[in-house]
Colleague: 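Before I ask anything, here is the structure I am working with.
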Amino acid sequence: MYRIHVRDHFDAAHYLRGYQGRCEALHGHRWEVVVALESTRLNELGLAYDFTDLKRLLQEKVLSRLDHRCLNDIPPFDRINASTENLARVIFGWLQEALDVPSVRLAYVEVYESPDSWVRYSPEGGS
């Protein structure tokens, strides 16, 4: 099994509705996003999936939507809290919709709100 990872970041503000603490106020992060794909096969070039293509997919389908915005203004975060957990799940869904390559599977998405605090989301709960 091959696992391919890319990492990128975006800067955005958010607040947690109903949080009874400092995070209820508007504040910002430099969010890091890690995407992991899995494949059991390599193509004719010896690649499971091209890093450049995965970085472009992450940039176009996710980061361009979120960068330098207030996350709470962007659907679905206008209805649900822009928590790191919800961000990871929503980003996974956006990438899953955009990834149309039968030989690879989106394994998980990690979202870091700081170097020491992050969430990993995978629908199966594994990896």
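In what follows, every heavy atom counts, from backbone to side chain, and hydrogens, waters and symmetry copies are set aside.
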Colleague: Within the distance-only criterion (no hydrogens, no angle test), does the side chain of Ser117 pair as donor or acceptor with the backbone N or O of Glu113 below 3.5 angstrom?
Modeller: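 No.
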Colleague: Establish whether Val119 and Tyr108 are linked, either directly or via other cluster members, by ILVMFWY side-chain heavy-atom contacts under 4.5 Å.
Modeller: no
Colleague: Please identify which of these residues, Val33, Val90, Asp11, Ile91, meets the side-chain contact (heavy atoms from CB on, under 4.5 Å) condition with Leu66.
Modeller: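 With Leu66 as partner, side-chain contact (heavy atoms from CB on, under 4.5 Å) holds for just one option, Ile91.
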Colleague: Do Val34 and Trp94 share a hydrophobic cluster, counting only Ile, Leu, Val, Met, Phe, Trp and Tyr and linking them when any side-chain heavy atoms are less than 4.5 Å apart?
Modeller: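 Result: no, two separate clusters.
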Colleague: How far does CD1 of Ile74 sit from CG of Leu87, to the nearest 0.5 angstrom?
Modeller: 9.0 Å
Colleague: Under the side-chain contact (heavy atoms from CB on, under 4.5 Å) test against Tyr49, which residue among Leu37, Val6, Asn43 passes?
Modeller: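 Exactly one candidate clears the test, Leu37.
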Colleague: Hydrophobic clustering (ILVMFWY, side-chain heavy atoms < 4.5 Å, transitive) - are Tyr2 and Val101 grouped together?
Modeller: yes
Colleague: Can you tell me if Ser39 uses its side chain to pair, donor with acceptor, with the backbone of Ser103 under 3.5 Å?
Modeller: yes
Colleague: How would you list, by chain and number, every residue that makes a ring pair (Phe, Tyr, Trp, His ring centres under 6.0 Å) with Phe92, sequence neighbours excluded?
Modeller: Tyr121
Colleague: Flag yes if Leu47 and Val104 sit in one hydrophobic cluster, no otherwise; membership is Ile, Leu, Val, Met, Phe, Trp, Tyr, and two members link when side-chain heavy atoms are under 4.5 Å apart.
Modeller: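 Per the 4.5 Å side-chain linkage, Leu47 and Val104 are not co-clustered.
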Colleague: Looking at every heavy atom in both Leu42 and Ala48, which two are closest together, and how far apart are they?
Modeller: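 So the minimum-distance heavy-atom pair works out to CD2-N, 3.5 Å.
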Colleague: I want to check something: taking the side chain as every heavy atom from C-beta on, are Asn72 and Arg17 in contact at a cut-off of under 4.5 Å?
Modeller: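 Yes; the side chains approach each other to less than 4.5 Å.
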Colleague: Nearest 0.5 Å, what's the NE2-SG distance between His29 and Cys23?
Modeller: 6.0 Å
Colleague: Using modelled atom types only, decide if a donor and an acceptor are shared between the side chain of Asn81 and the backbone of Ser83 within a distance under 3.5 Å.
Modeller: no
Colleague: Nearest 0.5 Å please: distance from the CH2 atom of Trp31 over to the NE2 atom of His14.
Modeller: 4.0 Å
Colleague: Is the side chain of Arg120 donor-acceptor paired with the backbone N or O of Ala88 at a distance under 3.5 Å, no angle test?
Modeller: no
Colleague: Could you tell me the separation between the CD atom of Glu85 and the CZ atom of Arg89, rounded to the nearest 0.5 Å?
Modeller: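 Those atoms lie 10.0 Å apart.
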Colleague: Ignoring hydrogens, what is the shortest heavy-atom contact between Lys61 and Ala98? Give both atom names and the distance.
Modeller: CG-CB, 3.6 Å
Colleague: Scan side-chain atoms only and decide if Glu110 and Tyr112 contain a donor-acceptor pair under the 3.5 Å cut-off.
Modeller: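 Checked: Glu110/Tyr112 side chains pair up, N/O donor to acceptor below 3.5 Å.
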Colleague: Is Leu16 reachable from Val111 through a run of hydrophobic residues whose side-chain heavy atoms are each under 4.5 Å from the next?
Modeller: no
Colleague: I need the single residue from Val35, Leu106, Asp53 that forms a side-chain contact (heavy atoms from CB on, under 4.5 Å) with Leu99. Which is it?
Modeller: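 Testing each of Val35, Leu106, Asp53 against Leu99, the sole residue satisfying side-chain contact (heavy atoms from CB on, under 4.5 Å) is Leu106.
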Colleague: Nearest 0.5 Å please: distance from the CZ atom of Arg105 over to the CD atom of Glu124.
Modeller: 5.0 Å
Colleague: Under the criterion salt bridge (Lys or Arg N to Asp or Glu O under 4.0 Å), I'd like the reasoning laid out for Glu32 against Arg30: C-alpha separation, chi angles, the key distance, then a yes or no.
Modeller: CA-CA 7 Å; Glu32 296 277 339; Arg30 180 179 192 261; 2.4 Å; yes
Colleague: Using modelled atom types only, decide if a donor and an acceptor are shared between the side chain of Thr84 and the backbone of Trp118 within a distance under 3.5 Å.
Modeller: no
Colleague: Quick one: CG on Asp50 to CG on Leu54, what's the gap to the nearest 0.5 Å?
Modeller: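 Between Asp50 CG and Leu54 CG, I get 9.0 Å after rounding to 0.5 Å.
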